J.: 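Can you keep this structure in mind? I'll have questions shortly.
Quick caveat, the model's predicted, so the values are computed rather than measured. Every chain is numbered from 1, with letters handed out A, B, ... down the list of sequences.
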Protein chains: 2
Amino acid sequence: MPRHRITQTDVAAMAGVSQATVSFVLNGSTPSGVRISEETRQRVLDAIRITGYAANPAAQRLAGGLTQILGVFTYEATFPRVSQDFYGPFLVGIEHAAERLGVDILLFTSARVVDGRRRLTRDGWQRLGVADGCLLLGQHEDRGELQHLLDTNYPFVFIGKRGSDGNRLPYVGADYVGATMRQVDRLAALGHRRIGYMGMRGTDQPTLDRVEGYRAAMRARGLTARFVELDDLADAAAEILAQRLTAVVVAPENYPEELADELELRGARVPDDVSVLLLGQPHHPRRGGRRWSGFCVPREEMGVRALHLLSRLVAADGGRSDREGRRTPGVPDAELHQILACPDVEGATLARPQADTLAAPRAETLAQPHADTSRTDRRDRTDRTDRTDRTDRTDRTSRTDRTTEDRTESA
Amino acid sequence: MPRHRITQTDVAAMAGVSQATVSFVLNGSTPSGVRISEETRQRVLDAIRITGYAANPAAQRLAGGLTQILGVFTYEATFPRVSQDFYGPFLVGIEHAAERLGVDILLFTSARVVDGRRRLTRDGWQRLGVADGCLLLGQHEDRGELQHLLDTNYPFVFIGKRGSDGNRLPYVGADYVGATMRQVDRLAALGHRRIGYMGMRGTDQPTLDRVEGYRAAMRARGLTARFVELDDLADAAAEILAQRLTAVVVAPENYPEELADELELRGARVPDDVSVLLLGQPHHPRRGGRRWSGFCVPREEMGVRALHLLSRLVAADGGRSDREGRRTPGVPDAELHQILACPDVEGATLARPQADTLAAPRAETLAQPHADTSRTDRRDRTDRTDRTDRTDRTDRTSRTDRTTEDRTESA
DNA sequence: TCAACGTGATGATGCGCATTATTAACGCGG
DNA sequence: CCGCGTTAATAATGCGCATCATCACGTTGA
């Protein structure tokens, strides 16, 4: 048994050339004034075929070449538990794309968790090096780390839109803004006018986008934006009824299932009395739970696209850092930021509003256990200020700040 | 920005020692007559801490060291789509274990598919090399490839019991035999006597084990083994009723959901008239489908255990092939083959047999659309011959061949 | 006084490949 | 006959690390 794996030197010997020549043939030669005659080229190629030579990735990488290994790193404390997790489906897409691309996937499961999120420090950096490039998942990325990636010109792609200073960061995101607008439109088309929004806390990009979409769509229809945001779901349900909302859109992380329970507990049926549209897939689908209407984030597709993009970046980069500071021909800027559409989902939580609700308020007939009507949420604007740092957003038609409008409404 | 990543040489310079010394300190020095005084050791350690040095995996690997990267290879044509697939849950467990172990996971998604299964030829071999060791998934392993792994002393662990010449192959499997026996016992304990088995085709290990368990348990209770195996599920359902079986155990790949449909179509309720126990998790769970009784394979746990075992093998091996042919102290043989218990699942498809069924046959009252009663399956022994090559099985109490018994029964 | 030995560390080498610098052979005009 | 440009290929180097063979320097025992 050839304990000694076949190397370029072996191939070279068989072809009667030098190791360097083999390397040149394998890599298209071009680098400097090196030429290989078509004849020897064929000889080498034959030798490779006969010996079944295959490059040693470690050696390739050490010498500055490419490995055909792409990495996946996540900022979340726990690595995508491939299905239970929100991030799981991305991995599925990534795997799929990797198969087609013929690359291997390296999961950086070893990165240490510090302060509830994974860090890319120290050993992290070095480990990244085995891969030609890396996919980044999760919300809580670290500025310093990113800067380092940028500085070293290490190819990477984010999964999930990057708002702040996003034009520097390649990403594949989902069109939360547009999809949310469509949900409002669906409701409006059925006759809904009092449409609420639940779940606007958090400064993560999806939430910001959903809120933006909601605001824009409501405004476009001349409707009033109403935010329901209470710590307690029971209170929230009460508030929805108190405000005589006929529909709410809600982000999936806000326990829609439980919200519906609370609503029905108070005599309001879903969707007959209150339609509920989910702005994404349910996070913890209940066994035999509702089939939610709303939209779904094409997570697998995002994974696929992200890996393809990364693959292109790597190819463009040639894996080497550019010594002259000038970028290789590379990838057109348009592809650097991809926003994928989120298709609507036809579920069982969307219905026409009740006729009487349309005509006149009769919410009083609905039970309001311990609802404090005057307690309209005032927190819906607390973090409005942070929108200022998002002005450098790239695409999406810019929407003016409608803070004042909201303020008058939510009183 | 230090484009030049920190190397052992840098650390050495700071500590005022040679690069070799740094390497020794990092690896516990021992190799030959090398000694490092505690003082310099500390000096080096400090330098490492200060510089934040971390080894370059590619270089380590090239020089014959370990990478802390463990690979996952699958023989299936498609890589475990991390949840839809049967193999998905294993990956989840593997990820989990990897996090705790502090290793990275390399998915060999690039291996080419030949003849419907992935191959480890050529480039495959080399790519394996980046990882310290590798987990193997799937049924259709190739002899030649395994032999090569064995020859090169490359550390690997199978997920799933390996019957044929299993003592040479480290694996983590599930106790299909025992679990299947328990299912029969559950049924018998409720009063079932006419218990059938469906889904015995195939020579994969799980199937062999299930059949073995069924046979053993039936025999232990003095009951008659009855195999139902028809190409058409409708026929199978008819056969079950014709034979007046009050219960069947069925492997999950045999469309239990559809079988139940067919049974009920013929007026036999599940489980009231026929109990159905599933020998594993359902493969394609239907939305709002039955909650199956039976047992479940602890797939995540298997993934975890497998990775742990692999990790130990790697550590024992030192990553180097043994030049003298003698194994490193290593892992006790007992751990090389792990069989995990499959806990019972309490579902809704198990019930006491009908009183009248117990007393006297009255199957005639049940509809038998186009059942050919005389058509007892004769195929249930066609591949019995291949059991001969399994005589070298390791653990599990050996069970004598009961072919004759079955033959008399199935007439 | 010197060989024998233990201690603490270093220099050199090679893993397999990419790449740069250099060489060899050849044709050709002056 | 020499210098020059062109083509075709090679030698040499280094990536970062593990390891083997050595070496310098005491300490002992005879």
J.: How would you list, by chain and number, every residue that makes a ring-ring contact (aromatic ring centres under 6.0 Å, His included) with B:Phe108, sequence neighbours excluded?
T.: none
J.: Give a yes/no answer on whether the side chain of B:Gln60 brings an N or O atom under 4.0 Å of OP1 or OP2 in C:dC15.
T.: no
J.: Check the phosphate of C:dA18 against A:Asn27, side-chain N and O only, distance under 4.0 Å to OP1 or OP2. Yes or no?
T.: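 Checking A:Asn27 against C:dA18: at least one side-chain N or O falls below 4.0 Å of OP1 or OP2.
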J.: Suppose we screen for side chain to side chain donor-acceptor pair (under 3.5 Å). Which residues come up paired with B:Thr9, at least two apart in sequence or across chains?
T.: none
J.: Holding to side chain to side chain donor-acceptor pair (under 3.5 Å), I want the full list of residues that pass it with B:Gln8, two or more places apart in sequence or in another chain.
T.: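 Per chain and number, B:Gln8 pairs via side chain to side chain donor-acceptor pair (under 3.5 Å) with B:Gln19, B:Tyr53.
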J.: OP1, OP2 of D:dA8 versus side-chain N and O of A:Thr40: anything below 4.0 Å?
T.: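 Result: no.
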J.: Once you build an axis from the first five pairs and another from the last five of the helix from C:dT1-D:dA30 to C:dG30-D:dC1, how far apart in angle are they, to 10 degrees?
T.: 80°
J.: What's the CG-P distance between A:Leu62 and C:dG16, to the nearest Å?
T.: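 Atom-to-atom, A:Leu62 to C:dG16, this comes out as 12 Å.
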J.: Using the test salt bridge (Lys or Arg N to Asp or Glu O under 4.0 Å), find all partners of A:Asp142 that sit at least two apart in sequence or belong to another chain.
T.: A:Arg117, A:Arg119
J.: Applying salt bridge (Lys or Arg N to Asp or Glu O under 4.0 Å), name anything that partners A:Arg100, two or more places apart in sequence or on another chain.
T.: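 Once residues adjacent in sequence are excluded, A:Arg100 has no partner under the salt bridge (Lys or Arg N to Asp or Glu O under 4.0 Å) criterion.
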J.: Please enumerate all residues that pass side chain to side chain donor-acceptor pair (under 3.5 Å) together with A:Thr40, with sequence neighbours excluded.
T.: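 Here the qualifying residues are A:Ser37.
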J.: Determine, for A:Glu145 against A:Arg118, whether the closest basic-nitrogen to carboxylate-oxygen distance falls under 4.0 angstrom.
T.: no
J.: Between P on C:dA9 and CD on B:Gln8, what's the gap in Å once rounded to a whole number?
T.: 16 Å
J.: Got a sec, which residues hit side chain to side chain donor-acceptor pair (under 3.5 Å) with A:Arg305, two or more places apart in sequence or on another chain?
T.: A:Glu301, A:Gln338
J.: What integer distance in Å separates B:Asn56:CG from C:dC17:C1'?
T.: 14 Å
J.: CZ of B:Arg35 versus C1' of C:dT10: gap in Å, rounded?
T.: 16 Å
J.: Can you check the A:Gln68 CD to C:dC17 P distance for me, whole Å?
T.: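 Going from CD in A:Gln68 over to P in C:dC17 covers 15 Å.
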J.: Distance check needed: D:dT7 C1' versus A:Glu38 CD, whole Å only.
T.: 15 Å
J.: So does B:Thr7 get a side-chain nitrogen or oxygen closer than 4.0 Å to the phosphate oxygens (OP1/OP2) of D:dG16?
T.: no
J.: Could you state the atom-to-atom distance from CZ of B:Arg43 to C1' of C:dA9 in whole Å?
T.: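 Nearest whole value for this atom pair: 11 Å.
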J.: Pick out the pairs of N or O atoms, protein on one side and nucleotides 10-13 of chain D on the other, that lie under 3.5 Å.
T.:
| from | atom 1 | to | atom 2 | distance (Å) |
| --- | --- | --- | --- | --- |
| D:dT10 | OP2 | A:Ser18 | N | 3.1 |
| D:dT10 | OP2 | A:Ser18 | OG | 3.0 |
| D:dT10 | OP2 | A:Thr21 | OG1 | 2.3 |

J.: On DNA chain C, compare the nucleotides closest to B:Ser37 and A:Thr9; which residue's is nearer the 5' end?
T.: B:Ser37
J.: If you measure from CD1 on A:Ile105 to CG on A:Leu135, what distance do you get to the nearest 0.5 Å?
T.: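 A:Ile105 atom CD1 to A:Leu135 atom CG measures 7.5 Å (nearest 0.5 Å).
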J.: C:dC17 P sits how many Å from A:Ile48 CD1, rounded?
T.: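 About 10 Å, once rounded to whole Å.
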